[in-house]
Amino acid sequence: MPELPEVENVARMLRPEVVGRRVVEAQVLWPRSVARPTPEAFCRDLVGREITSLGRRGKVLTLGLSDGWWLLVHLRMSGRLLLGRPEEPAPVHLRAVLRLDDGRDLRFVDPRKFGRLWLVQDPAEVLGSLGPEPLDPTFTVEAFRARLAGRRVRIKPLLLDQRFLAGVGNIYADEALFLAGIHPCRPAGSLTEGEVERLHGALQEVLAAAIANGGTTLSAYRRPDGSPGEHQALLRVFRRAGEPCPRCGTPVVRAVVGGRGTYFCPRCQAGQGR
DNA sequence: CCGAGTTCCTGAGCGC
DNA sequence: TGCGCTCAGGAACTCG
Ligand SMILES: [Zn+2]
């Protein structure tokens with residue numbers, strides 16, 4: 001499941017390959033993969049544009065195009081962006097293809113069909129509601145505290161809310177809460193100053209480490225060159241139900257919180273009330 | 001404001 | 001070995 005670190009790795013690996021390339025042809029094989037505009041308009045307005053930048057906002061890949069257009073890509077569960085040669089057989093689950101002026105194809109492959117593409121002139125249409133970037137220097141402990149203040153929702157579902165914080169998904173939410181020693185069901189506004197500081201640090205540490213390790217590969221995720229990430233070996237609690245907590249040895253517990261599989265140490269992350 | 005349920009999808013994982 | 005069932009999971013949405 002590509003979260004911020006995986007998307008960041010995709011952006012870094014693809015950037016030198018596609019920036020400066022021009023789209024000479026576009027094809028959509030699964031219409032619903034295109035969120036906006038219609039698939040026809042998407043292809044029509046994409047052709048002829050040059051890719052001038054490739055960045056990331058939250059979990060969204062942002063491809064800046066000439067004439068002020070933006071191609072935004074959300075990989076969701078199983079999406080991948082791959083470069084290939086037209087003469088190669090089309091990969092399974094291919095949902096859209098951009099033929100580039102260097103003769104290569106930029107392919108959007110997505111078995112689960114949850115991923116989405118947008119072609120817009122104002123990226124704020126899609127990105128405007130996103131919360132702060134957790135690794136941005138402006139995302140300080142103070143800023144985090146201010147956003148948490150008064151919130152009565154449980155902390156984990158709040159961390160997953162992209163309007164609250166952009167880019168954190170199920171894996172890194174659990175990992176950060178474990179590192180900070182905070183129960184996933186704690187009311188967000190009830191965190192002490194020390195807990196807010198620990199969680200802030202844990203989020204940044206976990207995300208930065210995962211980026212450095214090429215992201216987490218649990219099953220389908222691969223970097224654009226096909227290599228798996230390395231961070232899964234370093235996960236402390238995620239998908240480790242029954243295994244000993246790396247800090248205290250108590251078996252890791254799985255629960256469902258906000259409809260998400262949630263892993264935590266009942267001893268290191270004790271006390272869900274108040 | 002808050003939480004739970006539903007939908008979209010299909011491969012993985014499980015039971016038999 | 002293989003069939004068929006269940007389910008995870010990001011985000012948007014509805015409902016109580
Ligand atoms: Zn523990």
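Order of the sequence lines fixes the chain letters, A, B, ..., with proteins taken first and strands second; residue numbering starts at 1 for each chain.
Under the side-chain hydrogen bond (donor to acceptor under 3.5 Å, both in side chains) criterion, A:E205 pairs with no residue, sequence neighbours left out. With sequence neighbours left out, A:R147 forms a salt bridge (Lys or Arg N to Asp or Glu O under 4.0 Å) with no residue at all. Partners of A:F164 according to the ring-ring contact (aromatic ring centres under 6.0 Å, His included) rule, which considers only residues two or more places apart in sequence or in another chain, do not exist here. A:R267 pairs by the side-chain hydrogen bond (donor to acceptor under 3.5 Å, both in side chains) definition with nothing, not counting sequence neighbours. Applying the salt bridge (Lys or Arg N to Asp or Glu O under 4.0 Å) test to A:D102 and every residue at least two apart in sequence or in another chain returns A:R104. Among residues two or more places apart in sequence or in another chain, the side-chain hydrogen bond (donor to acceptor under 3.5 Å, both in side chains) test is passed with A:E88 by A:R107.
OP1 or OP2 of B:dG11 lies within a sub-4.0 Å distance of a side-chain N or O belonging to A:H93.
Within the helix from B:dC2-C:dG16 to B:dC16-C:dG2, the inter-axis angle between the opening and closing five-pair segments is 60°, rounded to 10°.
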**Complete:** For nucleotides 9-16 of chain C, 5' to 3', base contacts (B), sugar-phosphate-only contacts (S) and non-contacts (-) with protein non-hydrogen atoms under 4.0 Å give BBB-----
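A:K156 places its NZ atom 18 Å from the P atom of B:dC2, with the value rounded to the nearest Å. Atom CG of A:L158 and atom P of B:dC1 are 12 Å apart (whole Å). When rounded to the nearest whole Å, the span between CZ of A:F164 and C1' of B:dC1 equals 15 Å. For A:D110 and B:dC9, the CG to P distance is 10 Å, given to the nearest whole Å. Across the protein-nucleic acid pair, A:R116 atom CZ and B:dC8 atom P stand 11 Å apart, rounded to whole Å.
Residue pairs meeting the ring-ring contact (aromatic ring centres under 6.0 Å, His included) criterion with at least one member in residues 95-151 of chain A, sequence neighbours excluded, are A:F139-A:F144, A:F139-A:H200.
Contact of the A:P5 side chain with the A:E8 side chain is not registered, since no non-hydrogen atoms from C-beta on lie closer than 4.5 Å.
A side-chain donor-acceptor contact under 3.5 Å links A:K156 and A:T262.
Closest approach to the A:K113 side chain among B:dA4, B:dC2, B:dC9 is made by B:dC9 (side chain taken as heavy atoms from C-beta onward).
Residue-to-nucleotide proximity on DNA chain B shows that, of A:V257 and A:R95, the 5′-proximal contact is made by A:V257.
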